[in-house]
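Below is one structure, written out as structure tokens; the observations come after it.
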Amino acid sequence: MKTMFSKTLKVLSAVALFGALSANAFSEGEDYIVLDKPLSVEKGTLTKVFSYACPFCYKYDKSVTPAVVKKVEGLKYEPFHLKTKANEHGEGETASKLLAVAVVKDRAANKDLFADDSLFKKVKMAYYKSYHDKKQRFSSADEFLKLGLDASGISKEDYEKELANPEVVELLKKWDESYDVAKIQGVPAFVVNGKYLIYTAKITSIDGMANLIKELMAK
């Protein structure tokens, strides 16, 4: 009788453990979806679709995104700026152009995009802080551009020259793909391997997000 009771306990424990593991597993339709049109990025990439005018994008960039990327070994990070948001005077498109120039320059200098001295981060944070912290609004794209140029130290002449750089042109073309992703659940939108869109409402911790990214990277 004692042996039978012990066996029963072991079976019940195993069932409970399996149930707990199943409950914690990530699943399509619950934690992520598969995009109909994949993004033009390499396998092993986390793409963040964002807008300088999005408050949640700002919050994620201040603490979550850098920490998550740091936790996933071998992960390549690709920011895609959404040019269609907050674009009354062309600010959204201007931000995309300057941010793309900054990304190309940083990569040419082998600079981490999360580094405090990266041109990309300087431009991005200048626009975030202006829009969300200072509540600044601009009457022209030129006025808006000047803010980003001053923050990064990029001259207007250099900026205009770089817009013809094939790498910048190609990057901006790729970023246009962000619109179809943003339509699904807004921004920020995180996509793994170009095709697995994470449901941001399901993100509850940095570790949990990192584990989901690792699982999706392996698909």
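Counting heavy atoms of neighbouring residues, nucleotides and ligands inside a 6.0 Å radius, atom NZ of K70 does not exceed 12 of them. Counting non-hydrogen atoms of neighbouring residues, nucleotides and ligands closer than 6.0 angstrom, the CG atom of D116 reaches no more than 12 such neighbours.
Using a distance-only test at 3.5 Å, with no hydrogens or angles considered, no donor-acceptor pair links the side chain of D112 to the main chain of S118. No donor-acceptor pair closer than 3.5 Å links the side chain of W175 to the backbone N or O of V49. For the pair S51 (side chain) and A53 (backbone), a donor-acceptor distance under 3.5 Å is present. Counting only distance, with no hydrogens or angles, the side chain of D106 and the backbone of K111 share no donor-acceptor pair below 3.5 Å. A donor-acceptor contact shorter than 3.5 Å is absent between the side chain of K97 and the backbone of E160. Within the 3.5 Å criterion, the main-chain N or O of A95 finds no donor-acceptor partner in the side chain of K83.
Taken together through direct or relayed side-chain contacts under 4.5 Å among Ile, Leu, Val, Met, Phe, Trp and Tyr, L163 and F120 form part of one hydrophobic cluster. Residues V41 and I184 are members of one and the same hydrophobic cluster, defined by side-chain heavy-atom contacts under 4.5 angstrom among Ile, Leu, Val, Met, Phe, Trp and Tyr. Using a 4.5 Å cut-off between side-chain heavy atoms of Ile, Leu, Val, Met, Phe, Trp and Tyr, with links allowed through other members, V169 and V101 fall into different hydrophobic clusters.
Atom CG of L171 sits about 7.0 Å away from atom CZ of F80, to the nearest 0.5 Å. If you take CE on M217 and CG on N193, they are separated by 6.5 Å, rounding to the nearest 0.5 Å. How far CG of L149 is from CG of L145: 4.0 Å, rounded to the nearest 0.5 Å. Rounding to the nearest 0.5 Å places OG of S27 at 7.0 Å from OH of Y32. In this structure, CD1 in I154 is found 8.5 Å from CD in E162, a value given to the nearest 0.5 Å. To the nearest 0.5 angstrom, H132 atom NE2 is 9.5 Å from M125 atom CE.
Contact check for S152 versus Y159: no side-chain heavy atoms found under the 4.5 Å cut-off. V72 is not listed as a side-chain neighbour of L46, based on a closest heavy-atom distance of 4.5 Å or more. Using a 4.5 Å heavy-atom threshold, the side chains of N87 and E93 count as touching. At a threshold of 4.5 Å between non-hydrogen side-chain atoms, the residues F190 and L216 do not count as touching. Counting only heavy atoms from C-beta outward, the side chains of K105 and D158 approach each other to under 4.5 Å. Put simply, the side chain of Y127 does not reach to within 4.5 Å of the side chain of H81, judged on heavy atoms. Considering only heavy atoms from C-beta on, E177 stays 4.5 Å or farther from V181 through its side chain.
Minimum heavy-atom separation, A126 to L147: O-CD2, 4.0 Å. E91 approaches H89 most closely through the heavy-atom pair OE1-N, 2.7 Å. What you find for L172 and S96 is that their closest heavy atoms are CD2-O, 3.5 Å. When all heavy atoms of A102 and V123 are compared, the pair lying nearest together is CB-CG2, 4.4 Å. For the pair S178 and L82, the tightest heavy-atom approach, listed with the atom from each and the gap, is OG-CD1, 3.6 Å.
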Please assess K173 against D176 for the test salt bridge (charged side-chain N to carboxylate O under 4.0 Å, His left out), listing each intermediate value before the final yes or no. CA-CA 5 Å; K173 183 179 178 181; D176 283 342; over 6 Å; no
Distance-only check: which donor-acceptor pairs under 3.5 Å involve side-chain atoms of residues 195-215, not counting sequence neighbours?
residue : atom : partner : partner atom : Å
S205    : OG   : G208    : N            : 2.9
D207    : OD1  : K71     : NZ           : 3.0
N211    : ND2  : D207    : O            : 3.2

Please tabulate, for side-chain N and O atoms in residues 54-65, each donor-acceptor pair with protein atoms closer than 3.5 Å (sequence neighbours left out).
residue : atom : partner : partner atom : Å
Y58     : OH   : D133    : OD2          : 2.7
D61     : OD1  : K48     : NZ           : 2.9
D61     : OD2  : K48     : NZ           : 3.2
D61     : OD2  : Y128    : OH           : 2.7
T65     : OG1  : Y60     : O            : 3.3

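Below 30°, between 30° and 60°, or above 60°: for Y52 and Y131 the angle between ring planes is above 60°, a perpendicular geometry.
A salt bridge between E78 and R107 is present, with a side-chain N of the basic residue lying under 4.0 Å from a carboxylate O of the acidic one.
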